[in-house]
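When a ligand or atom number is given, it counts from 1 through the structure's own listing order. One is the number of the first residue; the rest follow in order along the sequence.
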Amino acid sequence: MTTEALKGEILAALADAASPEAVEAVRVAALGKSGSITQLMKSLGRMDADERLRTAPLYQALRETVSAEIEAKKAALGRAALEARLAAERVDMSLPATPVEPGTVHPISQVMDELSEIFADLGFAVAEGPEIETDWHNFTALNIPPEHPARAMHDTFYARPEAGGERMVLRTHTSPVQIRTMMSQKPPIRIIAPGRVYRSDSDATHTPMFHQVEGLVIDRNIHLGHLKWTLETFVKAFFEVDDVTLRLRPSFFPFTEPSVEVDVGCSWEGGTLKVGGTASWLEILGAGMVHPRVIANCGLDPDEWQGFAFGCGIDRLAMLKYGMTDLRAFFDADLRWLKHFGFAALDVPTLSAGVGA
Ligand code: PHE
């Protein structure tokens, strides 16, 4: 067969090849180890010098042409495959996305984020503790010994006593986080501890599970003035009003001495509550100077370290700020209520953009 005839045959086969595999088969048949063109090239070695000089350029030209055609065909098939894929995977950006019902951030979570943002700006870290707590952390270490009448105020959920006689409780306040923090960190300490707490109590203003935020500062030379300033700064930032008056009333907690209950000045305008002024008062938290015995219970020297602590109901704060009337709605998981009072997921509270936005 002449080289021209062979070329015609191979190119015809190539033209028929419709897939990369078919092209590869043509390549192997022509240029593979025992392919037709490879055989021709091998036959050059058996020729005498004159004949080889005449024939070699013809064979080389044939090999080059065929290789080039095969490469071109491969590239063309590759492009066609890509085009087909692009066409198949085309996304119509003008179509509406699959509708996803957007969820909302629960007002409690929102308020917790707001609190963290405000106190982070004052240099407070966020601390956590377990909700199933030892009797010792929840009571004894906080200067509430087993037979102390203050235990009766807490309507505690007790777990069945364990083998060793120890009885776990659902924490009745976030104050045990004070103990855990003082025992695991070296002062100076500045923390807040938001979280769930439990008491056996249920009506329009009480739910068996509710939320508190604890605050704790332990340092040298801390006094009640620091507590008052911190609370005022917090309340102003939280309610976004400058005209805030706090009233500190003497009170009693076993773990603080002196103890105060703190009211925020407010007014009732047309049936709605407004924070600011001194027309009326609303209790928002309990606080005081950490009792020296509590500091000593945590292994610190009360002559060197003092501090203040406060505990505040988060649900109450949320109701005040966002105008909800029934606490129980917080826990009903009613989608209509959540849509109305919930916050957009991207509406992250920041001090610059406003914590109440
Ligand atoms: N733990 C108290 C309560 O739940 C609040 C409190 C915390 C009071 C810290 C003083 C200091 O009522």
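Inclusion of H173 in the set of residues having an N or O under 3.5 Å from an N or O of ligand 1 is warranted. In terms of N/O distances under 3.5 Å, ligand 1 is not approached by T256.
We find that E283 and R316 are not joined by a salt bridge, their nearest charged nitrogen and carboxylate oxygen being 4.0 Å or further apart. Using a cutoff of 4.0 Å between basic side-chain nitrogens and carboxylate oxygens, D201 and R199 are not scored as salt-bridged. Between R167 and E162 there is no salt bridge, since no side-chain nitrogen of the basic residue lies less than 4.0 Å from a carboxylate oxygen of the acidic one. Salt-bridge formation is not detected for the pair D242/K236: no Lys NZ or Arg NE/NH1/NH2 atom is positioned less than 4.0 Å from an Asp or Glu carboxylate oxygen. Using a 4.0 Å cut-off between charged side-chain N and carboxylate O, E24 and K74 make a salt bridge. With respect to R180 and E128, no salt bridge is recorded, no charged nitrogen being found less than 4.0 Å from a carboxylate O.
Side-chain contact between K33 and T38: absent, with no pair of heavy atoms (C-beta onward) separated by less than 4.5 Å.
The atoms of ligand 1 that sit less than 4.0 Å from any heavy atom of Q178 are 9 (C). Remark: ligand 1 atoms within the under-4.0 Å shell around heavy atoms of Q212 are 3 (C), 4 (O). Close approach to A287 involves these atoms of ligand 1, each under 4.0 Å from a residue heavy atom: 8 (C), 10 (C), 11 (C). The R199 neighbourhood of ligand 1 comprises atoms 3 (C), 4 (O), 12 (O), with distances under 4.0 Å to a heavy atom of that residue. The contact set between ligand 1 and F255, taken as ligand atoms under 4.0 Å from a residue heavy atom, comprises 1 (N), 2 (C), 6 (C), 7 (C), 8 (C), 9 (C), 10 (C), 11 (C).
With G286, S175, S251 as candidates, the residue nearest to atom 8 (C) of ligand 1 on a non-hydrogen basis is G286.
At a heavy-atom cutoff of 4.0 Å, ligand 1 is contacted by no atom of H291, backbone or side chain.
Between the side chains of H106 and S109, not a single donor N or O lies within less than 3.5 Å of an accepting N or O.
Looking from atom 9 (C) of ligand 1 to the surrounding protein, the closest heavy atom is E214 OE2, 3.3 Å. Nearest non-hydrogen protein atom to atom 5 (C) of ligand 1 is G311 CA, 4.0 Å.
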